[in-house]
Number of protein chains: 2
Amino acid sequence: MHSPKRMLFLDFVLSVFRLNGLLISEGDAMAEKLGLTSARWKVIGAIALSGRGLTVPGIARALGQSRQAVQRITDVMVSDNLLFYQVNPRHKRSVIVTLTDAGTEVYNMLREVQDPWALGTTEDIPIEELESGLRLVRRLIQKFDK
Amino acid sequence: MHSPKRMLFLDFVLSVFRLNGLLISEGDAMAEKLGLTSARWKVIGAIALSGRGLTVPGIARALGQSRQAVQRITDVMVSDNLLFYQVNPRHKRSVIVTLTDAGTEVYNMLREVQDPWALGTTEDIPIEELESGLRLVRRLIQKFDK
DNA sequence: CCAGCAATGACAACATGCTGACATTATTAG
DNA sequence: CTAATAATGTCAGCATGTTGTCATTGCTGG
């Protein structure tokens with residue numbers, strides 16, 4: 001009934017909600033100096049990590065979000081000259097979202113803030129704990145993401 | 001530079017974002033049959049766990065959210081007869097949010113769905129992994145929540 | 001006591017996410 | 001090849017969260 005595992009898991013779930021909110025705050029604080037928000041560096045990050053460029057639905061799939069939500073963000077970022085829409089030879093309508101030079105520069109500046117933050121945050125946490133935590137989170141993601 | 005720990009942590013952060021979205025979807029799916037949303041069972045849960053009743057800012061503090069966000073949810077839930085505002089003898093304006101009988105019933109029905117879900121989700125995950133994952137998440141929360 | 005500070009409710013503006021619906025373009029099955 | 005299906009862009013509506021502001025209430029240090 002009140003099995004320890006059940007209580008433990010619900011505690012874990014609520015803690016993930018809480019951590020999620022705090023991480024977004026942290027991200028917003030870091031991105032603020034660069035005129036970004038956490039939603040925007042998610043998009044920049046997804047494109048940068050892809051190497052090439054991604055379509056809007058491609059970014060959405062990478063981030064696990066709806067394509068409509070991503071579209072709204074990319075439209076604004078194109079207005080802000082961080083991204084541009086490149087003609088897609090493989091699809092007449094679905095353009096490829098690419099980083100402009102300004103976007104690449106912002107991404108690099110972001111990393112100069114983000115990297116020390118990541119290292120500072122984890123300096124007193126053994127790498128094994130991080131690995132095992134990531135494994136758990138991934139496992140749960142896989143379980144829910146069908 | 002590209003230290004393994006840094007990459008690991010960023011991976012962890014992005015995975016937490018992803019898991020957060022999936023958990024909200026799971027919560028919405030479970031709560032839907034009861035006419036709730038995940039935002040609302042967070043509020044119901046916070047009140048139920050408190051035993052007595054909580055003020056709106058009290059719920060917000062428990063959930064780590066802004067009091068305005070909670071106020072909006074509780075206002076709707078009072079309209080839906082799940083909650084009611086009880087006069088607070090200790091504060092002329094800040095009422096105490098309490099579960100109605102209907103609200104209590106919904107909370108109990110929710111648990112009948114949620115408990116099997118929690119057990120099913122974790123059936124193939126050792127309790128030690130859950131404990132260590134929770135410890136990590138808590139540690140990060142404490143680090144960011146000042 | 002009371003003057004200043006903190007907490008609260010109320011309202012507004014905004015950012016971010018979701019879903020639904022529709023038309024258009026791609027892909028696939030037959 | 002063609003018809004059905006899937007993917008995409010676009011627009012709309014809505015839920016949930018944030019911050020800011022202001023008036024009111026409560027608390028606290030002199």
Side-chain angles (χ1 to χ4, degrees), chain A residues 17-29 31-32 35-44 46 53-80 83 85-97 144-145, chain B residues 17-29 31-32 35-44 46 53-80 83 85-97 144-145:
Chain A
F17 288 155
R18 187 95 188 75
L19 179 58
N20 179 75
L22 289 168
L23 286 174
I24 289 176
S25 293
E26 292 283 313
D28 280 337
E32 190 182 12
L36 287 181
T37 60
S38 54
R40 289 169 203 193
W41 64 251
K42 279 192 206 175
V43 170
I44 285 198
L54 292 173
T55 63
V56 166
I59 298 170
R61 281 186 292 265
L63 297 178
Q65 291 183 347
S66 72
R67 62 202 165 83
Q68 294 92 330
V70 172
Q71 183 86 58
R72 178 158 38 187
I73 304 287
T74 57
D75 283 349
V76 176
M77 292 177 74
V78 166
S79 296
D80 292 351
L83 306 177
Y85 292 142
Q86 194 174 9
V87 172
N88 186 350
R90 300 178 53 186
H91 197 298
K92 193 182 291 184
R93 291 179 72 206
S94 192
V95 295
I96 294 178
V97 185
F144 296 133
D145 191 13
Chain B
F17 288 156
R18 188 95 188 73
L19 179 58
N20 179 75
L22 290 168
L23 286 173
I24 289 176
S25 294
E26 291 284 312
D28 280 337
E32 190 182 13
L36 287 180
T37 62
S38 53
R40 289 168 203 194
W41 65 252
K42 279 192 206 173
V43 170
I44 286 198
L54 292 173
T55 63
V56 167
I59 298 170
R61 279 185 293 264
L63 296 178
Q65 290 182 349
S66 72
R67 62 202 165 82
Q68 293 92 330
V70 172
Q71 183 85 58
R72 177 158 39 186
I73 305 286
T74 58
D75 283 349
V76 176
M77 291 176 76
V78 166
S79 297
D80 291 352
L83 306 177
Y85 292 143
Q86 193 174 7
V87 172
N88 186 350
R90 302 177 53 185
H91 198 297
K92 192 181 289 184
R93 293 178 72 205
S94 192
V95 294
I96 295 179
V97 185
F144 297 133
D145 191 12

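Computed from a prediction, not measured in an experiment: that's the story for all the values here. Order of the sequence lines fixes the chain letters, A, B, ..., with proteins taken first and strands second; residue numbering starts at 1 for each chain.
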Is there a side-chain contact between [X] and [Y] (heavy atoms, below 4.5 Å)?
| X | Y | answer |
| --- | --- | --- |
| Lys42(B) | Ile73(B) | no |
| Arg90(B) | Ile96(B) | no |
| Asn20(A) | Leu23(B) | no |
| Leu54(B) | Val97(B) | no |
| Leu63(B) | Phe17(A) | no |

message = Students often get this wrong, so: under 4.0 angstrom with heavy atoms, is Val95(B) touching a base, only sugar-phosphate, or nothing?
response =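 Counting heavy atoms under 4.0 Å across all strands, the contact made by Val95(B) is with sugar-phosphate only.
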Quickly work out the [X] [atom1] to [N] [atom2] distance and round it to whole Å.
| X | N | atom1 | atom2 | answer |
| --- | --- | --- | --- | --- |
| Ile24(A) | dT16(C) | CD1 | C1' | 9 Å |
| Asp75(A) | dA15(C) | CG | P | 14 Å |
| Leu36(A) | dA15(C) | CG | P | 14 Å |
| Tyr85(A) | dG9(D) | OH | P | 9 Å |
| Lys92(B) | dC27(D) | NZ | P | 12 Å |

Please round to the nearest 0.5 Å and tell me the distance separating atom [atom1] of [X] and atom [atom2] of [Y].
| X | Y | atom1 | atom2 | value |
| --- | --- | --- | --- | --- |
| Arg18(B) | Gln65(A) | CZ | CD | 8.5 Å |
| Arg93(B) | Thr55(B) | CZ | OG1 | 13.0 Å |
| Thr74(B) | Ile59(B) | OG1 | CD1 | 6.0 Å |

request  = Within residues 54-63 of chain B, find the residues that approach DNA chain D with a heavy atom at under 4.0 Å, and present them sorted by residue number.
outcome  = none
query = Between dT8(C), dG9(D), dT25(D), which nucleotide has the shortest distance from any of its atoms to the side chain of Gln71(A)?
reply = dG9(D)
ask   = Does a sphere of radius 6.0 Å around CD in Gln86(B) hold more than 12 heavy atoms from other residues, nucleotides or ligands, not counting ones at 6.0 Å or beyond?
value =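 Yes, the 6.0 Å shell around CD holds more than 12 heavy atoms from other groups.
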Heavy-atom closest pair, residues Arg67(B) and Val56(B) = O-CG1, 3.6 Å
request  = Can you check whether any acceptor in the base of dT25(C) is under 3.5 Å from a donor in the side chain of Arg93(A), or vice versa?
outcome  = no
query = Which angle, to the nearest 10 degrees, lies between the helix axes at the two ends of the helix from dC1(C)-dG30(D) to dG30(C)-dC1(D), each defined by five pairs?
reply =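 Computed from the C1' atoms at both ends, the axes differ by 40°.
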ask   = Can a side chain N or O of Ser94(B) be found less than 4.0 Å away from OP1 or OP2 on dG9(C)?
value =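 Yes, within the criterion.
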task = Going 5' to 3' through nucleotides 11-21 of chain D, assign each nucleotide B (protein heavy atom under 4.0 Å from a base atom), S (under 4.0 Å only from sugar-phosphate atoms) or - (no protein heavy atom that close).
result = B----BBBBB-
request  = Answer yes if the side chains of Asp28(A) and Ser38(A) hold a donor-acceptor pair under 3.5 Å, and no otherwise.
outcome  =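 Yes, side-chain donor-acceptor contact under 3.5 Å.
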